[in-house]
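A short worksheet on the structure shown next.
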Amino acid sequence: MNHSRSNAGAPREPDLPPYQVVLSETDWGSLETPFGNGEDLPEVLSRLLTPDPRVQVNALSELGEMVGHQNTIYEATAPAAMYVAGILTHPAATTPRPYRNVPIRAALLNWLASTAYDASDASDASDASDEIVGRTEQHFPDFLAPGTIVASFRDLRPMLYRAVSPFLRDSHEDVREAAVIAAIILAEHPAFAEHRDHLAVHARSILDTSGNGHNQRVAQKALEAWGHDAPGSEPFLEGSWGWEPHSDGRSYLEPPF
């Protein structure tokens with residue numbers, strides 16, 4: 001696999017493999033999912049590139065269950081995330097979602113954000129999911145130890161960040177917001193600490209313009225953790241904190257289908 005250097009003196013990080021390579025060279029049948037192995041995943045992932053947006057959103061919903069059931073990271077989650085990150089620039093990612101003029105790319109970015117959120121560490125500076133992780137640590141104290149499934153997924157954050165960051169200034173508001181939230185969560189990785197001041201500008205924009213309560217909470221907690229002034233906001237109600245797994249805060253499927 002090729003490697004690149006983001007700047008002089010920075011550690012070498014692997015490039016994101018082409019999505020075709022991820023699909024063809026991953027031994028999906030050997031990877032754990034909540035329902036057995038991942039032998040059905042290639043067909044689901046391939047449907048993300050179909051020209052029919054209703055097929056795409058159904059495939060993304062299926063993918064969320066197959067590799068992120070109950071906010072859990074499985075062996076198959078990492079290659080699935082690499083594939084999704086790899087198709088962000090594919091023409092199929094620009095397909096408008098049914099009944100709204102929002103590119104599928106926004107849903108793909110939100111899927112990546114929510115998956116990274118599930119693997120966040122309460123000890124990280126920009127953590128936005130300490131409630132979930134704290135409860136998990138009570139039952140599985142070593143789940144973030146090196147070599148574990150979650151730790152291996154977290155090692156992918158630099159390459160996922162680089163796939164997401166080009167969309168931080170996307171012309172479409174929904175894509176831009178989804179990219180910002182994903183980047184904030186992925187920037188927990190120490191290699192991207194230097195990007196947090198830049199991301200703080202985008203986080204403030206979320207607080208100023210977003211109507212999504214969870215996204216506002218992620219942005220506000222990141223600003224506070226990074227030592228930036230976080231504008232005051234309305235208190236977040238406990239019931240509004242739950243982020244629907246792998247969604248953009250709205251239902252994937254709008255009737256009538």
Side-chain angles (χ1 to χ4, degrees), residues 1-4 13-69 71-97 103-119 148-167 170 175 178-179 182-183 185-186 189 245-248 252-253:
M1 183 179 296
N2 294 329
H3 292 77
S4 64
E13 297 288 352
D15 293 331
L16 183 69
Y19 70 90
Q20 302 97 324
V21 172
V22 175
L23 192 68
S24 63
E25 296 189 5
T26 300
D27 185 3
W28 298 99
S30 71
L31 300 179
E32 175 200 23
T33 75
F35 309 109
N37 63 47
E39 63 183 359
D40 294 330
L41 281 168
E43 188 273 333
V44 175
L45 292 168
S46 296
R47 279 193 274 124
L48 293 174
L49 299 182
T50 62
D52 186 337
R54 286 178 281 191
V55 173
Q56 289 175 303
V57 293
N58 272 298
L60 195 55
S61 181
E62 287 181 49
L63 183 64
E65 277 299 298
M66 294 175 74
V67 302
H69 184 66
N71 305 101
T72 301
I73 302 296
Y74 297 90
E75 288 179 338
T77 308
M82 293 168 66
Y83 180 91
V84 171
I87 66 172
L88 289 174
T89 58
H90 192 281
T94 64
T95 305
R97 286 181 55 180
I104 291 292
R105 182 178 287 133
L108 297 174
L109 285 162
N110 274 294
W111 187 90
L112 287 169
S114 58
T115 303
Y117 178 86
D118 293 341
T148 62
I149 293 172
V150 175
S152 296
F153 178 88
R154 287 158 58 81
D155 288 342
L156 298 178
R157 290 177 294 177
M159 68 169 62
L160 297 178
Y161 181 95
R162 287 192 292 273
V164 164
S165 60
F167 301 100
D170 193 84
V175 172
I185 297 169
L186 292 167
H189 193 284
H246 318 301
S247 77
D248 61 0
Y252 273 118
L253 307 175

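A donor-acceptor pair under 3.5 Å is formed between the side chain of T115 and the backbone N or O of W111. For T77 (side chain) and V67 (main-chain N/O), a donor-acceptor pair under 3.5 Å exists by modelled atom type. Counting only distance, with no hydrogens or angles, the side chain of T72 and the backbone of G68 share no donor-acceptor pair below 3.5 Å.
Note that CD1 of I73 is 5.0 Å distant from CG of D118, once rounded to the nearest 0.5 Å. Residue L48 holds its CG atom at 6.5 Å from CG of L108, rounded to the nearest 0.5 Å. A distance of 9.0 Å separates CG of D52 from OG1 of T95, quoted to the nearest 0.5 Å. How far CZ of R162 is from CG of L16: 8.5 Å, rounded to the nearest 0.5 Å.
In plain terms, the two heavy atoms of Y117 and I185 that are nearest each other are N-CG2, 3.7 Å. Of all non-hydrogen atoms in L41 and A76, the two that sit nearest each other are CD1-CB, 3.6 Å. Taking every heavy atom of both residues into account, I104 and R97 meet most closely at CD1-CG, 3.2 Å. S30 and E75 get closest at one heavy-atom pair: O-OE1, 3.7 Å. In this structure, E62 and V44 approach most closely via the heavy-atom pair OE1-CG2, 3.8 Å. Nearest heavy-atom pair across L109 and A178 is CB-CB, 3.6 Å.
Residues that satisfy the salt bridge (charged side-chain N to carboxylate O under 4.0 Å, His left out) test with E32, not counting sequence neighbours, are absent from this structure. Residues passing the side chain to side chain donor-acceptor pair (under 3.5 Å) test with T50, sequence neighbours excluded: none. The side chain to side chain contact (heavy atoms under 4.5 Å, CB included) search around P96 returns N101, not counting sequence neighbours. By the side chain to side chain contact (heavy atoms under 4.5 Å, CB included) test, P34 pairs with H69, Y74, sequence neighbours left out.
Looking only at side-chain heavy atoms (C-beta outward), L60 and L63 come within less than 4.5 Å of each other.
A ring pair (Phe, Tyr, Trp, His ring centres under 6.0 Å) check over residues 40-61, counting only residues at least two apart or in different chains, returns nothing. Sorted by first then second residue, the salt bridge (Lys or Arg N to Asp or Glu O under 4.0 Å) pairs that include residues 33-46, not counting sequence neighbours, are E43-R47.
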Listed pairs under 3.5 Å, donor-acceptor, residues 78-94 side chains, sequence neighbours left out:
{"unit_1": "Y83", "atom_1": "OH", "unit_2": "L45", "atom_2": "O", "d": "3.1"}
{"unit_1": "H90", "atom_1": "ND1", "unit_2": "A92", "atom_2": "N", "d": "2.9"}
{"unit_1": "T94", "atom_1": "OG1", "unit_2": "P91", "atom_2": "O", "d": "2.6"}

Would you please test R105 and F167 for side-chain contact (heavy atoms from CB on, under 4.5 Å) and show each step?
-> CA-CA 10 Å; R105 182 178 287 133; F167 301 100; 3.3 Å; yes
